There are 2 protein chains.
Amino acid sequence: MTEQTLVKRARLGVSDWIAASMRLLVTEGPAALKISRLTDTLGVTKGSFYWHFADIAALKSALAAQCEAQQRAAADHVRGLRILPATERLGAIVDYVSEPRRWAAEAAVRSWSHTDNSLCSAIAELDRSLHEAIYQAMLDLGFAEEDARTRATMLLYAGIGYLHAAEQSGPPNADTLHRFVALSTAR
Amino acid sequence: MTEQTLVKRARLGVSDWIAASMRLLVTEGPAALKISRLTDTLGVTKGSFYWHFADIAALKSALAAQCEAQQRAAADHVRGLRILPATERLGAIVDYVSEPRRWAAEAAVRSWSHTDNSLCSAIAELDRSLHEAIYQAMLDLGFAEEDARTRATMLLYAGIGYLHAAEQSGPPNADTLHRFVALSTAR
DNA sequence: ACCTGAACACCGTTCAAGT
DNA sequence: ACCTGAACACCGTTCAAGT
């Protein structure tokens with residue numbers, strides 16, 4: 001009864017569908033992303049949906065794009081940190097990605113990607129971007145190319161693994177990630 | 001390889017359905033777990049499925065139980081390696097988990113767990129077991145408790161992160177994991 | 001005990017027709 | 001430009017009837 005079914009707008013735009021989808025995704029997870037759920041909350045029929053989107057994959061793509069935009073912003077932010085000295089830079093990257101809201105969004109997208117292949121490329125891109133940033137920091141710290149690559153790869157994967165593990169065991173612990181940095185940059 | 005797809009038995013048992021489900025899960029992921037896919041490969045109609053299982057959730061539960069048994073067996077195997085010297089032991093753990101068939105099963109179960117909470121505890125148990133084994137190896141190598149714990153945590157998460165990343169980018173590379181071992185045990 | 005075949009509900013999808 | 005309403009395909013589910 002608390003739905004906005006009664007607040008039926010005369011006309012809907014793509015952004016209305018995306019917004020409703022985002023709300024569903026965040027509150028009930030990817031499994032709730034059904035056309036019928038959307039038409040219920042928006043107060044229209046399913047035919048309406050197909051005026052705005054080719055199919056449900058298109059809706060999910062658009063939703064994913066929204067998430068990707070946030071991720072790109074994250075990647076940009078990380079790249080912007082390159083003015084910092086390498087050690088502080090790695091610390092700043094860790095602080096940034098472990099910020100609770102970012103962390104939650106990251107976990108949600110990665111979790112969603114397991115049932116939606118369209119998201120895989122976006123995630124791969126962010127991972128590549130992060131790896132590049134970390135690799136560069138390792139180089140700046142004076143490690144030889146191959147050593148730097150291995151250290152960067154391990155640090156990145158440790159972060160991703162930690163994210164997946166923490167997904168069901170509570171909030172992130174920035175301290176743990178900082179220890180990973182220390183270990184992966186030790187001589 | 002027992003390809004019984006075309007060999008239509010006169011009668012099927014629960015184990016036949018589970019086996020076919022496991023094959024589908026590992027080769028095509030949880031999304032392929034459809035009754036119609038199973039009846040196609042087993043050469044029966046959907047009504048047959050409902051003689052053996054109450055619904056598709058029951059099939060998935062039974063499959064999950066099978067997966068959990070495998071996870072437990074894996075944990076036991078890792079615990080059994082403790083007789084080896086620490087360095088060889090870590091190498092043996094890496095070789096064991098990166099064995100292609102185990103790796104594929106592991107990736108499938110972890111991927112599936114994102115949409116099936118019943119699997120989370122089994123995975124957490126294996127992770128705990130792996131962490132304990134790796135931690136013990138670090139202690140045996142002479143690292144102090146807290147340092148050993150951090151090194152073990154990072155190595156474990158790097159492996160998990162690598163598994164998730166490799167899930168969509170091809171087969172595992174044991175060499176990469178061995179380099180992670182070298183890095184996380186470096187002084 | 002195990003299976004078929006027909007039926008039904010649900011959801012994604014299409015499209016001609018309405019405003 | 002945006003939406004309705006009816007149709008259809010696909011998949012999970014039920015069940016009476018067959019061996």
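Here the structure is a predicted model, which means the values were calculated and not measured. In the text below, chain A, chain B and the rest are named by the order of the sequence lines, each starting its count at 1.
When the side-chain contact (heavy atoms from CB on, under 4.5 Å) test is applied to B/Phe53, the partners found at least two apart in sequence or on another chain are B/Val14, B/Trp17, B/Ile18, B/Phe49, B/Ala58, B/Leu59, B/Ala62. Every residue two or more places apart in sequence or in another chain that forms a side-chain contact (heavy atoms from CB on, under 4.5 Å) with A/Arg102 is listed here: A/Ala74, A/Tyr96, A/Glu99, A/Glu106. Applying the side-chain contact (heavy atoms from CB on, under 4.5 Å) criterion to B/Ala174, with sequence neighbours excluded, gives B/Ser98, B/His178. Applying the ring pair (Phe, Tyr, Trp, His ring centres under 6.0 Å) test to A/Phe180 and every residue at least two apart in sequence or in another chain returns nothing. Contacts of A/Ser129 classified as side-chain hydrogen bond (donor to acceptor under 3.5 Å, both in side chains), with partners at least two apart in sequence or in another chain: A/Arg79.
Atom NE2 of B/His52 is separated from atom C1' of C/dA1 by 9 Å (rounded to the nearest Å). B/Phe53 places its CZ atom 11 Å from the P atom of C/dC3, with the value rounded to the nearest Å. Rounded to whole Å, atom P of C/dC2 lies 14 Å from atom CG of B/Leu42.
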Notebook entry, point to check: Can you check side chain to side chain donor-acceptor pair (under 3.5 Å) on A/Arg179 and B/Thr150, steps first, answer last?
Noted result: CA-CA 7 Å; A/Arg179 278 203 298 276; B/Thr150 299; 3.1 Å; yes

Checklist line | Reading 5' to 3' through nucleotides 12-19 of chain D, protein heavy-atom contacts under 4.0 Å coded B for base, S for sugar-phosphate only, - for none | finding: BBBB----

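Pairs of residues two or more places apart, or lying in two chains, that qualify as side-chain hydrogen bond (donor to acceptor under 3.5 Å, both in side chains) and include a residue from residues 81-90 of chain A are A/Arg89-A/Asp140. Sorted by first and then second residue, the ring pair (Phe, Tyr, Trp, His ring centres under 6.0 Å) pairs involving residues 119-154 of chain B (not counting sequence neighbours) form an empty list.
A stem is defined here as three or more consecutive Watson-Crick or G-U pairs, each with both distances under 3.5 Å; for DNA chain D these stems are C:4-8 with D:12-16, C:12-16 with D:4-8.
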